Number of protein chains: 2
Amino acid sequence: MTTPMLTKNQSLVFDVLTKAEAPLSAYTILDKLRDQGFRAPLQVYRALDKLLEYGVVHRLESINSFVACAHPNEDCHSHGLVAFAICESCGQVIEFHDHEVDHRLMDWLKSQKFKAEKSTIEIRGHCANCAA
Amino acid sequence: MTTPMLTKNQSLVFDVLTKAEAPLSAYTILDKLRDQGFRAPLQVYRALDKLLEYGVVHRLESINSFVACAHPNEDCHSHGLVAFAICESCGQVIEFHDHEVDHRLMDWLKSQKFKAEKSTIEIRGHCANCAA
DNA sequence: TTGCACACGTTATAGCATAACGCAATTGAT
DNA sequence: ATCAATTGCGTTATGCTATAACGTGTGCAA
Ligand SMILES: [Zn+2]
Ligand SMILES: [Zn+2]
Ligand SMILES: [Zn+2]
Ligand SMILES: [Zn+2]
């Protein structure tokens, strides 16, 4: 999908996520944007919905948080799965793709005649810096 | 892990999940157990915590729900990843394992010196019955 | 002009999860 | 037997996450 011009609210939310060093919850984003006039959760969620739709932001299901896409210009998102390694100490997220994993999963789903629409691959643990 | 004797509350929650044909949210479980004396969410969450610890129940992060393990007697859980295909029409969940996927992901994590602790692989879509 | 699509703002509500307190039963050492 | 530690349980209150429902304004095309 080609990303259209972002609206004011969408830009504000996207900027906050881009500058963050770890994924943020919707309410944390709200707090960071109160000075720019944000007052209600819906202002954040509506912006996030669009940013997710455009593929420039990912939702991390296992921690109810959002993160800016680390590879916005690669086309992997359109034909492959995205995976995340999430450090539970420092919060850092590594976004990665593996076509071998994609194909294995897709083949399995195909063998079950299961029609995949959205996928979630998230590994929680400790990054190289934080590992004991 | 060898599963110890379940307490009364744990058994009630486990039975509800075992009989269900789709994953259940904690509050849905609570409603189903009001007749057996359940009154508060914590009664459910505390039982679920133990059942998750024993590995007889899985949590589906992407839909905030819980499901009984479909392969309670296989040892895959101890050394491999578990994946779920979740039908968004009928709610049915297929739990599966793929060692090839496991190894690919584990190799990648190892290459990053990332120490994995918990994993989530969930594919949402439509099962063979529900696909248009 | 009229109708539609879209972004936005606000209030209220729904849904998911845990904190903090106290009590009772069990266990295991002293 | 007694004490301390652990575990499960019940209750109340609270916090976090997400959406429903209403109304406003703006731009654009028929
Ligand atoms: Zn991405
Ligand atoms: Zn870290
Ligand atoms: Zn299982
Ligand atoms: Zn189905």
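Side chains included, hydrogens not; waters and symmetry mates left out as well; all remaining heavy atoms used. Nothing here was measured: the structure is a model prediction, and the numbers come from that model. Here is how names work: the chains are called A, B, and so on, in the same order as the sequence lines, proteins then strands, and each is numbered from 1.
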*Asks:* Salt bridge check, A:Arg124 against B:Glu61: does any charged N sit closer than 4.0 Å to a carboxylate O?
*Replies:*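 Counted as a salt bridge, because a side-chain N and a carboxylate O are separated by less than 4.0 Å.
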
*Asks:* Can you check the B:Leu52 CG to C:dC16 C1' distance for me, whole Å?
*Replies:*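 The answer, rounded to whole Å, is 15 Å.
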
*Asks:* Would one find a side-chain N or O of A:Asn64 under 4.0 angstrom from OP1 or OP2 of D:dA18?
*Replies:* yes

*Asks:* Shortest non-hydrogen contact from B:Ala22 to B:Cys90?
*Replies:*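 The answer is CB-O, 4.4 Å.
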
*Asks:* B:Arg46 CZ to C:dC16 C1': how many Å, rounded?
*Replies:*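 In whole Å, C:dC16 C1' and B:Arg46 CZ are 17 Å from each other.
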
*Asks:* Which nucleotide, C:dA7, D:dG8, D:dG10, lies nearest any side-chain atom of A:Lys50?
*Replies:* C:dA7

*Asks:* If you compare every side-chain N and O of B:Lys8 against the phosphate oxygens of D:dC9 (OP1, OP2), does one of them come in below 4.0 Å?
*Replies:* no

*Asks:* So which heavy atom on B:Ala85 is nearest to which on B:Phe96, and how close?
*Replies:*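 For B:Ala85 and B:Phe96, the tightest heavy-atom pair comes out as N-CE2, 4.0 Å.
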
*Asks:* Measure CD/B:Glu53 against C1'/D:dT6 and give the value in whole Å, please.
*Replies:*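 B:Glu53 atom CD is separated from D:dT6 atom C1' by 14 Å.
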
*Asks:* A quick test of your reading: do over 12 heavy atoms of other residues, nucleotides or ligands sit less than 6.0 Å from CD of A:Glu117?
*Replies:*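 Count over threshold, so yes.
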
*Asks:* Please determine, for the side chain of A:Tyr45, which listed nucleotide (D:dC9, C:dC8, D:dT19) has the closest atom?
*Replies:* D:dT19

*Asks:* Given atom CG of A:Leu48 and atom C1' of D:dT19, what is their separation to the nearest angstrom?
*Replies:*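 Those two atoms, CG and C1', are 14 Å apart.
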
*Asks:* Between A:His97 and A:Leu81, what is the shortest heavy-atom contact and its length?
*Replies:*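 Between these two residues, the closest heavy atoms are ND1-O, 3.5 Å.
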
*Asks:* For A:Asp49 and C:dC6, what is the distance between atoms CG and C1' respectively, to the nearest whole Å?
*Replies:* 14 Å

*Asks:* What pair of heavy atoms forms the shortest contact from A:His71 to A:Glu95, and how long is it?
*Replies:* CE1-O, 3.0 Å

*Asks:* Measure the distance from CZ on B:Arg59 to P on C:dC16 and round it to the nearest whole Å.
*Replies:* 10 Å

*Asks:* Nearest whole Å is fine: how far is D:dG27 C1' from A:Met5 CE?
*Replies:*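 From A:Met5 CE to D:dG27 C1': 16 Å.
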
*Asks:* Short of 4.0 Å, heavy atom to strand atom, which residues of residues 25-44 of chain B count as contacting DNA chain C?
*Replies:* B:Ser25, B:Tyr27, B:Leu42

*Asks:* For B:Phe14, give me all partners under ring pair (Phe, Tyr, Trp, His ring centres under 6.0 Å), at least two apart in sequence or on another chain.
*Replies:*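 For B:Phe14, no residue satisfies ring pair (Phe, Tyr, Trp, His ring centres under 6.0 Å) once neighbours in sequence are set aside.
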
*Asks:* Please confirm whether the shortest side-chain N or O distance from B:Thr7 to OP1 or OP2 of D:dT7 is below 4.0 Å.
*Replies:* no

*Asks:* Measure CD/A:Gln10 against C1'/C:dC6 and give the value in whole Å, please.
*Replies:*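 In whole Å, C:dC6 C1' and A:Gln10 CD are 10 Å from each other.
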
